Amino acid sequence: MSLHAQTAGYDPDNIFAKILRGELPCEKVYEDSHCLAFMDIMPRADGHVLVIPKAPARNIIDIDPMALAAMMAGLQKVACAVHAGMAAEGITIQQFSEQAGGQVVFHLHFHVIPRWNGIPLRPHTGAMENRDILGDYAGRIKAALAVMAG
Ligand code: AMP
């Protein structure tokens, strides 16, 4: 059931749908049956991760509530791993819906951004990060996930 399906609809050829299908690369940190998490290529802070549902949803407005609920455990797991792996002092979660809400890619995603006291966020969709650096941060976050899994 969709609560408020007043959006322009889901485009199956959006960038994140292509990443989910393996048609475009990503620096993956986590995957389960409900969600995929990978490094943001234009990070607002070191260790910025995106968590997306596997369900084809445009944003928070049209996603099936059960699909949204199903990905939340994965989102929390990734947030904890980003916090531990990046030795962050805090975490900011952001989600933008529709152009007026700041959304650029129209497949629902949650930004998981590590924070340190006194360090402001870099601009949204600012500079592209080096692939090796993204790989290094992904490694730290995956190591934290491995520790959490025991
Ligand atoms: P928004 O839709 O406003 O939440 O922003 C989309 C986010 O996706 C931005 O933070 C971009 O840096 C990020 N992004 C865009 N393309 C890619 C990609 N191919 N891989 C990883 N992150 C991306």
Side-chain angles (χ1 to χ4, degrees), residues 2-65 67-86 88-116 119-145:
S2 187
L3 296 175
H4 308 286
Q6 294 162 353
T7 65
Y10 182 75
D11 172 11
D13 285 327
N14 73 76
I15 297 170
F16 294 170
K18 290 182 178 176
I19 288 176
L20 275 173
R21 290 195 297 266
E23 294 166 11
L24 286 176
C26 72
E27 193 66 61
K28 183 167 102 175
V29 296
Y30 176 77
E31 181 172 15
D32 65 25
S33 49
H34 302 292
C35 70
L36 174 71
F38 52 89
M39 304 307 294
D40 193 305
I41 54 170
M42 289 172 267
R44 302 198 66 185
D46 295 348
H48 179 170
V49 170
L50 300 174
V51 183
I52 73 174
K54 290 190 171 175
R58 181 175 166 93
N59 54 42
I60 200 75
I61 297 165
D62 72 326
I63 188 169
D64 179 281
L68 178 63
M71 70 173 290
M72 284 297 129
L75 176 64
Q76 185 191 28
K77 199 176 281 188
V78 169
C80 292
V82 167
H83 184 247
M86 296 303 298
E89 295 174 308
I91 292 288
T92 295
I93 306 274
Q94 291 184 318
Q95 196 287 310
F96 305 124
S97 285
E98 294 301 318
Q99 188 180 6
Q103 188 173 15
V104 177
V105 177
F106 293 93
H107 180 109
L108 176 65
H109 50 282
F110 290 85
H111 297 259
V112 177
I113 309 175
R115 303 300 302 275
W116 295 269
I119 300 183
L121 291 179
R122 299 195 284 264
H124 183 50
T125 59
M128 195 85 101
E129 185 57 279
N130 175 284
R131 283 265 166 207
D132 291 341
I133 292 174
L134 289 182
D136 176 47
Y137 296 150
R140 295 190 209 179
I141 295 163
K142 285 188 280 192
L145 281 164

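All of these numbers come straight from a predicted model, not from anything done at the bench. Counting starts at 1 for both ligands and their atoms, in listed order.
The distance criterion of under 3.5 Å between nitrogen or oxygen atoms is met by Gly102 with respect to ligand 1. Residue His48 has no nitrogen or oxygen atom sitting less than 3.5 Å from a nitrogen or oxygen atom of ligand 1, judged on distance alone. Taking any N or O of Phe96, backbone or side chain, none lies under 3.5 Å from an N or O belonging to ligand 1.
The single protein non-hydrogen atom nearest to atom 8 (O) of ligand 1 is Phe16 CZ, 3.4 Å, given as residue, atom name and distance. From the protein, the heavy atom lying nearest to atom 5 (O) of ligand 1 is His124 CE1, 3.3 Å. The nearest protein atom to atom 2 (O) of ligand 1, hydrogens excluded, is given as Val104 N, 2.7 Å; this is a heavy-atom distance.
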Self-check item: Audit row: Gln94, Thr92, side chain to side chain donor-acceptor pair (under 3.5 Å) steps and yes/no
Solution: CA-CA 6 Å; Gln94 291 184 318; Thr92 295; over 6 Å; no
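Note: His48 and His111 have tilted aromatic rings, judged against thresholds of 30 and 60 degrees for the angle between ring planes.
For Gln76, the CD atom sits in a loose shell: 12 or fewer heavy atoms of surrounding residues, nucleotides or ligands are nearer than 6.0 Å.
Here the side chain of Lys142 pairs no donor or acceptor atom with the backbone of Gly85 at under 3.5 angstrom. Between the Arg115 side chain and the Ile91 main chain, no donor and acceptor come within less than 3.5 Å of each other.
Looking at Gln95, Gln103, His109 and measuring to atom 4 (O) of ligand 1, the nearest heavy atom belongs to His109. Comparing heavy-atom distances from atom 11 (C) of ligand 1 across Asn59, Ile41, Asp40 singles out Asp40 as nearest.
Against a heavy-atom cut-off of under 4.0 Å, Ile15 is close to the following atoms of ligand 1: 19 (N). Ligand 1 places these atoms under 4.0 Å from at least one heavy atom of Val105: 2 (O), 6 (C). Numbered from 1 in the order shown, with element, the atoms of ligand 1 that lie under 4.0 Å from a heavy atom of Phe38 read 21 (C). In summary, the atoms of ligand 1 found under 4.0 Å from a heavy atom of Thr125, numbered by their order in the structure, are 9 (C), 11 (C). Per-residue contacts place Met39 under 4.0 angstrom from the following atoms of ligand 1 (heavy atoms of the residue considered): 21 (C).
For the pair Val51/Gln95, no side-chain contact is recorded, criterion being any heavy-atom separation below 4.5 Å from C-beta on. Side-chain contact between Phe38 and His109 is absent, with no heavy atoms from C-beta onward closer than 4.5 Å.
Pairs passing the ring-ring contact (aromatic ring centres under 6.0 Å, His included) check and including a residue from residues 125-145, sequence neighbours excluded, do not occur.
Using a 4.0 angstrom heavy-atom cutoff, Phe106 does not count as in contact with ligand 1.
For the residue pair Met39 and Val49, the shortest heavy atom distance occurs at SD-CG2, 3.7 Å.
Only the side chain of Leu50 comes within contact range of ligand 1, with a heavy atom under 4.0 Å; no backbone atom does. With a 4.0 Å cut-off on non-hydrogen atoms, Gln94 does not touch ligand 1 at all.
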Scan the side chains in residues 100-108 for donor-acceptor partners under 3.5 Å anywhere in the protein, sequence neighbours excluded, and list what turns up.
from	atom 1	to	atom 2	distance (Å)
Gln103	OE1	Asn59	ND2	3.0
Gln103	OE1	Glu98	N	2.7
Gln103	NE2	Arg58	O	2.9
Gln103	NE2	Val105	O	2.9
His107	ND1	Tyr10	OH	2.7
His107	NE2	Pro53	O	2.8

